[in-house]
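A short worksheet on the structure shown next.
In this chain, numbering begins with 1 at the start of the sequence shown. Everything numeric here is computed off the predicted structure, so don't read it as measured data.
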Amino acid sequence: MVIDTNILIELHRKEEEVRENITVISVIEFPPILRYEKFHGEIYTIKPEDQILAIKLQRRLRRLGKPKSVPDLLIAAICINRNEELLTKDEDFLEVSKVSELKLKIQK
């Protein structure tokens, strides 16, 4: 499972263990994770195939009049290409999951 930055920050704030994976996008958005001793997950970097899929996702979403941010598109593409489920509080990913194979869990 991959956790989105909003989940990561919450776990960090509560000083909880983080065993889930994250993307480099989360590291860019929240650099303190690199020094967090309770982080034990893997950091997925952006590969060329992730960029290509992000473009395809954006094309599909734009056709629906619902474009998304570059970070969200890259996070979704990374998860899809690695067959990982994404845990997030961001409901914008629901629209991405409707035009792709993104496995998604929204935390309330």
Side-chain angles (χ1 to χ4, degrees):
M1 176 175 286
V2 171
I3 57 173
D4 197 7
T5 310
N6 48 42
I7 304 290
L8 178 64
I9 291 170
E10 183 177 299
L11 292 172
H12 182 269
R13 188 178 324 117
K14 292 179 181 177
E15 298 183 6
E16 293 182 14
E17 294 279 328
V18 179
R19 299 203 176 278
E20 297 84 3
N21 300 320
I22 62 173
T23 68
V24 70
I25 303 296
S26 290
V27 175
I28 293 167
E29 292 176 331
F30 189 67
I33 196 60
L34 293 174
R35 296 184 309 276
Y36 188 52
E37 292 179 10
K38 294 181 180 181
F39 174 66
H40 306 291
E42 187 174 333
I43 299 171
Y44 291 135
T45 59
I46 302 166
K47 297 179 179 180
E49 56 266 28
D50 301 323
Q51 296 171 61
I52 291 166
L53 180 54
I55 293 167
K56 290 177 182 177
L57 294 173
Q58 187 73 302
R59 284 182 176 158
R60 293 175 198 161
L61 290 160
R62 285 177 55 86
R63 274 188 234 123
L64 298 174
K66 300 181 182 223
K68 299 295 169 223
S69 70
V70 172
D72 285 358
L73 292 165
L74 288 169
I75 289 167
I78 288 168
C79 290
I80 293 166
N81 283 336
R82 287 157 188 79
N83 198 30
E84 290 268 13
E85 181 178 36
L86 175 63
L87 175 63
T88 184
K89 292 183 175 198
D90 185 350
E91 293 192 2
D92 280 349
F93 283 101
L94 285 170
E95 291 167 346
V96 178
S97 70
K98 290 177 184 175
V99 299
S100 70
E101 295 79 43
L102 177 63
K103 292 185 253 177
L104 183 63
K105 185 173 183 180
I106 302 288
Q107 186 178 76
K108 303 282 179 173

Exercise. Taking all heavy atoms of Glu95 and all of Leu61, pick out the closest pair and write down the distance.
Key: O-CD2, 3.7 Å
Quiz prompt | Minimum heavy-atom distance Ala77-Ala54, with the two atoms named | solution = CB-N, 3.9 Å
Exercise. Would you mind telling me which of Leu11, Ile7, Thr5 makes a side-chain contact (heavy atoms from CB on, under 4.5 Å) with Ile9?
Key: Thr5
Quiz prompt | Nearest-0.5 Å distance, NZ of residue Lys89 to CG of residue Asp4 | solution = 11.0 Å
Practice problem: Flag yes if Ile52 and Ile78 sit in one hydrophobic cluster, no otherwise; membership is Ile, Leu, Val, Met, Phe, Trp, Tyr, and two members link when side-chain heavy atoms are under 4.5 Å apart. | Solution: no
Quiz item: What distance do Leu104 atom CG and Lys98 atom NZ have between them, rounded to the nearest 0.5 Å?
Solution: 10.5 Å
Self-check item: Taking every non-hydrogen atom, the tightest pair across Leu94 and Ser97
Solution: O-OG, 2.7 Å
Practice problem: Apply side chain to side chain contact (heavy atoms under 4.5 Å, CB included) to Leu53 and Ile80, showing your working. | Solution: CA-CA 9 Å; Leu53 180 54; Ile80 293 166; 3.7 Å; yes
Quiz item: In Å, rounded to the nearest 0.5 Å, how long is the span from CG of Leu8 to CG of Leu87?
Solution: 11.0 Å
Quiz item: Do Gln107 side-chain atoms and Thr88 backbone N/O form a donor-acceptor pair below 3.5 Å?
Solution: no
Exercise. Can you see which heavy atom on Lys68 is nearest to which on Asp92, and at what distance?
Key: CE-O, 3.5 Å
Quiz item: Roughly how far, to the nearest 0.5 Å, is CG of Asn21 from CZ of Phe39?
Solution: 7.0 Å
Exercise. Show the numbers, then the answer: is there a side chain to side chain contact (heavy atoms under 4.5 Å, CB included) between Glu85 and Glu20?
Key: CA-CA 10 Å; Glu85 181 178 36; Glu20 297 84 3; over 6 Å; no
Self-check item: Closest non-hydrogen atom pair, Tyr36 against Glu16
Solution: OH-O, 2.6 Å
Quiz item: Do you know the tightest heavy-atom contact between Arg19 and Glu17?
Solution: NH2-OE1, 3.5 Å
Quiz item: For Ile43, which of Leu34, Ile25, Ile33 qualifies under side-chain contact (heavy atoms from CB on, under 4.5 Å)?
Solution: Leu34
Practice problem: Could you state whether Phe93 and Ile55 fall into the same hydrophobic cluster, counting links through intermediate Ile, Leu, Val, Met, Phe, Trp or Tyr residues with side-chain heavy atoms under 4.5 angstrom apart? | Solution: no
Quiz item: Got more than 12 heavy atoms from elsewhere within 6.0 Å of CZ, Arg59?
Solution: no
Quiz item: Say you draw a straight line from CG of Asn81 to CD of Glu49; how long is it, rounded to the nearest 0.5 Å?
Solution: 6.0 Å
Quiz item: Measuring from Asp72:CG to Leu86:CG, what's the distance to the nearest 0.5 Å?
Solution: 9.0 Å
Quiz item: Glu91 and Lys108: side chain to side chain contact (heavy atoms under 4.5 Å, CB included), yes or no, with the steps?
Solution: CA-CA 10 Å; Glu91 293 192 2; Lys108 303 282 179 173; 3.2 Å; yes
